[in-house]
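As structure tokens, the structure follows; a few thoughts come after it.
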Amino acid sequence: MRYYSTNKQAPDATLEEAVVKGLASDKGLFMPYEIKTLPLSFYEEIDRMSFQEMAYRVADAFFGEDVPAGVLKQIVYDTLSFDVPAVQVKDNIYSLELFHGPTLAFKDVGARFMARLLGYFIRKEGKKQVNVLVATSGDTGSAVANGFLGVEGIHVYVLYPKGKVSEIQEKQFTTLGQNITALEVDGTFDDCQALVKNAFMDKGLNGHMLLTSANSINVARFLPQAFYYFYAYAQLKRQGKSENLVVCVPSGNFGNITAGLFGKRMGLPVKRFIAANNRNDIFYQYLKTGEYNPRPSVATIANAMDVGDPSNFARIIDLYKGSHEAICADISGAAYTDEQIRETVKRAYEETGYLLDPHGACGYRALEEGLKPGETGIFLETAHPAKFLQTVESIIGREVAIPEKLQAFMRGTKQSMLMSRDFASFKDYLMNE
Ligand SMILES: *Cc1c(COP(=O)(O)O)cnc(C)c1O
């Protein structure tokens, strides 16, 4: 399969080039030339397949031309080593729990898949080592570090701002060892990002070592997110609840929901999508006005959605050929303040006993407010509530049990390298690695 850039000013790329480069040379996002529809027979038998079986069929449609069947199957089966259950919260509202992976957030799926696909390309080309640089303000670092942990031929450097990530987040990428190095930068998240950007542009460094990013815009992180939409549908079909299905996605950079829109193009019978925002409602405003006005993000309690210029907006525009009308036919929006998010977490807990995290709460509320008669809604519960412990505990006024997986990270010993925010010393460090 060939990939083009959403900016249409860069040469086409192979899958391997798109995965290794991440971003096209014209700063556009890679898009596959073809989105294959899966046959009707697939949808008829989908409720009798395992998650891994159906995900392999989806993966085959995108990557089957470029990756041998046995290898691709192994990558999919290794990636999906955990379940993604659809849990009924009330009446016609279900939660798709994407938090059963290693770091208890949905980014695990994309990160694990990308690590394994990149690992395959490295082995195939006989390259000795690829170095992944990732700047994080918290959650991306943990998903990428854990996704790439132990994958041969890849070394990951996680750059994070000293004293600006929570203890639990920090433990999730500083306690791993092996092929993961945590660099604690004396600066802000923006300084970390600047170091990574400068490294990618530095000729000397790129001549010395093979560098790549594991950014969420990478096709190998983005496309596998389509898998769980199929599984959501299959689980509801098993219960006879898949008619008029509405999928609601708490959205920040819009990678997750865009993967769902790809699923719909492949024939997945989703009636419509809802994109739920926090106060960073740039996309919601676009739906209302037809105008896209990015602006600086504001901090909220659903902080993984604090995005002021969602990167994957370019993919949505491309997918719908720029038609605002077509986009509005498939997607509606919602946006909530911190106060509304708090109120929703509290009320849902009191009414149903189900504990939402602040991101999932936006999704749940958008379904409560937006479902029409005869529709069934499922929202993506994108992280475990215990990842936002203080926030959630202060809302419901009681202690939240910490899952064993998170406790295990807490028990680990932090190992990190202190780094100044000055590029010369970062470069010097990498050159001598
Ligand atoms: C990353 C993230 C989101 C937003 O997903 P996008 O693909 O960026 O829209 C929502 N919730 C949680 C918990 C996340 O980590």
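As the structure lists them, so they are numbered: ligands from 1, and atoms in each ligand from 1. Not measured: the values here are computed from a predicted model.
Each of Phe222, Tyr284, Phe283 was evaluated against Phe254; a single residue qualifies, Phe283, per the ring pair (Phe, Tyr, Trp, His ring centres under 6.0 Å) test.
Closest protein heavy atom to atom 11 (N) of ligand 1: Thr382 OG1, 2.8 Å. Atom 4 (C) of ligand 1 has its closest protein heavy atom at Gly252 N, 3.6 Å. With respect to atom 8 (O) of ligand 1, the closest heavy atom belonging to the protein is Asn253 N, 2.8 Å.
For ligand 1 and Met305, the ligand atoms under 4.0 Å from any heavy atom of the residue are 10 (C). Residue Ala383 has at least one heavy-atom neighbour below 4.0 Å for each of these atoms of ligand 1: 13 (C). Of all atoms in ligand 1, numbered sequentially from 1 with element shown, those under 4.0 Å from a heavy atom of Asn256 are 7 (O). Per-residue contacts place Ser251 under 4.0 angstrom from the following atoms of ligand 1 (heavy atoms of the residue considered): 9 (O). Every atom of ligand 1 is numbered from 1 in the order shown, and the set under 4.0 Å from a heavy atom of Gly255 is 6 (P), 7 (O), 9 (O).
When Lys107, His359, His384 are ranked by how near their heavy atoms come to atom 14 (C) of ligand 1, first place goes to Lys107.
Under a 4.0 angstrom heavy-atom cut-off, Pro250 registers as being in contact with ligand 1.
Close N/O approach between Phe388 and ligand 1 is not found [any backbone or side-chain N/O within under 3.5 Å]. Remark: ligand 1 and Phe106 share no N or O pair separated by less than 3.5 Å (distance only, no angle test).
Classification of the Phe230-Tyr43 ring pair by plane angle, with boundaries at 30° and 60°, yields parallel.
Here Ile301 contributes atom CD1 and Phe388 contributes atom CZ; the two are 10.0 Å apart, rounded to the nearest 0.5 Å.
Taking both residues in full, the closest heavy atoms of His359 and Met305 are given as CD2-CG, 3.6 Å, listed atom of the first, atom of the second, then distance. Of all the heavy atoms in Tyr336 and Cys362, the pair that sits closest is CE1-O, 3.5 Å.
Side-chain N or O atoms of Asp47 include none that pairs as donor or acceptor with a backbone N or O of Arg238 at under 3.5 Å. Between the side chain of Lys162 and the main chain of Glu184, no donor-acceptor pair closer than 3.5 Å is present.
Within the 4.5 Å cutoff, the side chain of Asp12 has heavy atoms near those of the Tyr33 side chain. Counting only heavy atoms from C-beta outward, the side chains of Thr376 and Asn244 never approach each other to under 4.5 Å.
When non-hydrogen atoms are compared, ligand 1 lies under 4.0 Å from neither the backbone nor the side chain of Gln225.
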